[in-house]
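Below is one structure, written out as structure tokens; comments come after it.
Model, not experiment: these values are computed from the prediction.
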Amino acid sequence: MSPATATIDFGSSHTVAVVSAPGTPARLVTLDGEPWMPSAVFLDRDGRLVAGRDALRLAEAEPARLESRPKARIDEQEVLLGDTVVPVVALIRAVLAAAVEAARQLVGPVQQLVLTHPADWGSARLGTLLAAAQGLAPRTSTVAEPVGAAAWFSARSPLAPGQPLGVLDFGGGTCDAAVVRRAESGGLEVLATGGLPDLGGQDLDQRLVDHLRAAVPGLSEYLGGGGIPGRGGASLRELTAFRTDVRQAKELLSRHPQAEIVLPGELPDALVTRAEFDGLIRPDVLRAAELIRDVIGSAGAAPGAIQLAGGSARIPLLARAVGEVTGIAVRLDDQPEAVVALGAHRVVTEPERRPAPPPSAPQPVAVRQPASGPQPVARPAPVSGPQPILATEPPPPGRRRAAVATLAVGAVALVAAVVAGLVLWPVTVGGQAGPTSERLALPPAAPGNELVTQGRPTDGLVPAQVGVPTEVVYGGFDVDFVVNAVTDPATDKLNSVGANSTGEDGRWVLLDTTIKARSPAKPPYFTKDIFLVDDRGLFIRPLIDASLPSDCPLQTPATLEAGQEARQCYAFLLSAVTPVTAVAIAGSTQGHPGMRQHGILVPVTGARVTGEPKPAPTRIPLGTVRMVTVDGVPVRVAVVDTVRTPSAYFDYEPISLPGSTGVLLRMVAETDEPVDLTRLLGGVLLRDDRRQYLAGSHYSSANGCTAVKDGNGQPVKNKGRLTLCLLFALPTGMPLGSVLWSGTGDGNPHVWGL
């Protein structure tokens with residue numbers, strides 16, 4: 001048989017596979033007699049991993065040896081099955097291997113394996129998925145799930161260039177939404193994504209189970225026994241059969257007005273109507289409808305239609321709710337469970353025809369082995385961690401152009417390209433290798449230790465009071481410093497004088513201070529060392545260039561003679577839920593064994609804030625490329641990862657603030673023209689889980705990081721592909737939220753989720 005291409009949509013609860021070969025059209029692979037198989041994995045007594053329906057059957061006797069949703073465990077290294085610790089990558093591999101074997105039985109050896117994944121998966125999750133697939137086929141590719149769904153639907157109703165399409169994938173374990181657009185080059189690009197990891201078809205099943213427990217006398221007690229010997233409850237076999245019947249009744253209610261459910265034991269069958277079921281699941285369905293509405297709003301482009309995918313897409317209430325909430329036409333395929341796999345397969349095997357990119361456009365890079373030499377074989381990754389690098393074989397003579405077209409269309413065969421220390425994963429999620437599609441990764445971080453300082457962030461600061469002058473000997477001058485007032489919030493006041501809008505998730509705070517010189521003083525006074533402090537000990541810097549009201553200026557005279565005063569007001573941009581607890585002037589002096597902080601701390605009472613910031617539906621996965629402009633120079637950038645043990649990147653102690661932890665951010669930038677790297681990194685901000693901004697403190701030029709300043713401390717201009725490393729000092733234990741990056745002339749920043 002001719003070499004085949006297999007596509008696997010590895011889902012939270014079910015897995016679907018599609019296969020084709022030259023002369024053989026694409027078809028769904030029958031798995032255990034069905035066009036899909038459960039994603040469950042069972043560890044038998046001989047140490048073998050069994051996937052699919054057999055796993056569920058074996059688990060009836062030993063449920064502790066079953067993992068029913070390996071995809072949900074992808075962020076973990078290992079799981080405990082029975083009394084054995086099993087790597088998560090091995091669980092995923094068991095599912096993929098079962099699907100590949102079923103495909104091989106249909107059309108022969110699989111030459112190319114295509115894997116789907118959520119559009120917001122970062123490099124770590126993709127690395128685990130790809131490590132699990134190593135050795136299953138000579139070539140491996142990936143396609144984002146919404147791109148696969150959009151490709152299938154657009155094949156039936158073609159999308160014009162620039163035309164967006166909404167996709168709502170309501171699967172068994174999660175609910176994901178995306179807006180995808182046809183690029184001018186012909187490919188598909190993801191504009192925005194969002195997800196509800198706690199909502200899926202299994203949750204709708206549970207709504208029905210809870211309803212029956214409450215409605216049928218004796219059922220709750222019978223199920224509550226759980227099959228434990230001596231308690232008279234349902235056996236494990238009965239529980240499994242009951243759950244299966246509930247799921248089948250849910251599916252039947254999508255086609256018929258009522259369905260009967262066989263209850264365990266001697267209990268009579270229960271009748272459930274569609275109206276009852278709709279009432280049970282309405283809150284969940286509305287959450288899904290609001291998700292796609294919010295994602296469409298983030299995309300900034302209203303689609304002409306929303307396509308439903310996933311097994312739960314068949315529920316009539318879902319289409320009605322999405323249409324009512326969004327006001328957009330809703331479409332449903334006749335096999336929604338399979339559209340992601342079918343579309344992703346089409347992306348790879350039937351690439352779009354498109355014009356050639358201009359010479360200046362970035363091209364995907366592949367490292368190919370010489371045709372005369374032995375072809376590389378992908379080896380399974382060691383269980384200690386995923387190895388996200390595969391080699392690709394060269395395309396046969398006469399097929400090189402077709403291979404390049406495949407690279408450009410959105411399911412790029414995974415390759416390794418080592419350029420200036422950068423490992424490039426051109427795993428595109430659609431369209432040309434551009435800002436919406438390409439993802440980058442770096443080699444593993446250098447091993448090191450945490451950078452942690454003991455104590456509390458405010459240690460060493462002398463207490464002071466609002467309205468009371470306090471002598472501060474600081475930076476070579478001696479002044480009396482007084483906090484006159486803190487206006488919180490001051491959003492309306494600052495907006496009236498031209499300050500930038502904070503949006504609904506932010507607010508301005510105005511600090512009014514006065515300094516009086518005891519001896520001659522010169523700038524910058526306290527402009528670089530004054531902070532607001534929140535309840536976690538986060539020191540927040542002011543925005544020195546922010547617009548200020550005329551009655552509260554920032555005076556920085558060239559010289560402040562003894563006895564002279566200067567009014568110094570500062571504007572701070574805070575998130576809507578970050579409290580203000582104090583004003584601080586803080587610096588450090590060299591001591592032994594490290595730094596010693598000095599300054600003053602003025603407790604203040606800021607606005608009372610409650611609640612959490614509104615979650616952002618748009619999440620750029622780590623490694624995804626975006627474009628910023630610095631002083632007129634376009635730069636392709638990506639935030640790749642965070643390093644929590646960054647000591648190897650510094651030959652000195654970079655953190656002076658007590659009670660703090662250092663987190664290193666590793667990024668990639670690519671530009672054809674020299675750009676000031678300090679200006680480029682000046683647009684990078686870290687945000688905590690409350691969306692409070694934090695600026696970086698130190699650059700690193702060690703372990704592959706590009707130097708940002710020269711030996712004299714002057715900014716460096718550089719071009720090409722650069723690895724940039726920036727350290728942030730944050731209060732120990734502070735949760736991370738996201739990274740923002742904007743250029744010097746850009747509008748809204750790009751936001752990568754952490």
Side-chain angles (χ1 to χ4, degrees), residues 8-17 31-32 36-101 115-118 120-136 142 145 171-176 195-203 205-206 226-228 236 239-240 243 379-388 444 621-622 641 644:
I8 300 176
D9 179 22
F10 171 51
S12 298
S13 58
H14 298 99
T15 292
V16 179
L31 303 164
D32 294 340
W36 53 268
M37 76 172 187
S39 298
V41 179
F42 180 85
L43 177 68
D44 69 13
R45 287 290 177 175
D46 295 327
R48 294 176 301 179
L49 292 173
V50 180
R53 287 176 178 80
D54 286 346
L56 297 179
R57 297 187 188 103
L58 292 170
E60 292 180 9
E62 296 182 279
R65 304 181 74 85
L66 177 75
E67 175 51 59
S68 60
R69 297 176 60 187
K71 187 175 182 179
R73 311 296 289 272
I74 196 163
D75 291 330
E76 304 174 36
Q77 292 291 324
E78 301 168 328
V79 297
L80 182 66
L81 298 185
D83 56 359
T84 304
V85 175
V86 181
V88 170
V89 70
L91 298 178
I92 299 173
R93 182 179 181 82
V95 178
L96 301 181
V100 169
E101 174 58 22
L115 304 174
T116 68
H117 62 86
D120 61 353
W121 270 18
S123 57
R125 290 176 175 176
L126 282 173
T128 301
L129 179 66
L130 292 164
Q134 288 193 28
L136 297 180
T142 65
E145 290 166 1
T174 62
C175 181
D176 299 291
L196 298 172
D198 61 342
L199 178 61
Q202 293 177 343
D203 299 285
D205 295 349
Q206 188 60 44
I228 300 175
L236 291 172
L239 290 173
T240 301
R243 285 284 182 173
R379 300 173 181 172
V383 296
S384 60
Q387 302 298 316
L622 290 176
D641 61 18
R644 303 291 187 127

Name all residues meeting the side chain to side chain donor-acceptor pair (under 3.5 Å) criterion together with [X]; count only those two or more places apart in sequence or in a different chain, and write none if there are none.
X	result
D75	R125
S13	none
D203	none
R243	Q206

To the nearest 0.5 Å, what is the distance between [atom1] ([X]) and [atom2] ([Y])?
X	Y	atom1	atom2	value
I74	W121	CD1	CH2	3.0 Å
R65	L81	CZ	CG	7.5 Å
E78	L91	CD	CG	10.5 Å
L199	T174	CG	OG1	9.0 Å
R53	L58	CZ	CG	14.0 Å
E67	I92	CD	CD1	10.0 Å

How about [X] and [Y]: do any of their side-chain heavy atoms sit closer than 4.5 Å?
X	Y	answer
T15	D9	no
I8	V16	no
V95	M37	yes
V88	V79	yes
L115	L96	yes

Which heavy atom of [X] sits nearest a heavy atom of [Y], and at what distance?
X	Y	result
V86	L43	CG2-CD2, 3.9 Å
L49	A94	CB-CB, 4.0 Å
P70	S39	CD-O, 2.9 Å

Residues at least two apart in sequence or cross-chain that pass salt bridge (charged side-chain N to carboxylate O under 4.0 Å, His left out) with R45, listed by chain then number, are E62

Who passes side-chain contact (heavy atoms from CB on, under 4.5 Å) against [X], sequence neighbours left out?
X	result
L56	P38, A40, L66
R644	T642, V663, L736
D198	L196, R287

| Quick one: do K71 and E145 make a salt bridge, cutoff under 4.0 Å? |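 Counted as a salt bridge, because a side-chain N and a carboxylate O are separated by less than 4.0 Å.
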
Does R48 offer a backbone N or O that forms a donor-acceptor pair with the side chain of D46 under 3.5 Å?
->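 Looks like no, no N/O pair under 3.5 Å.
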
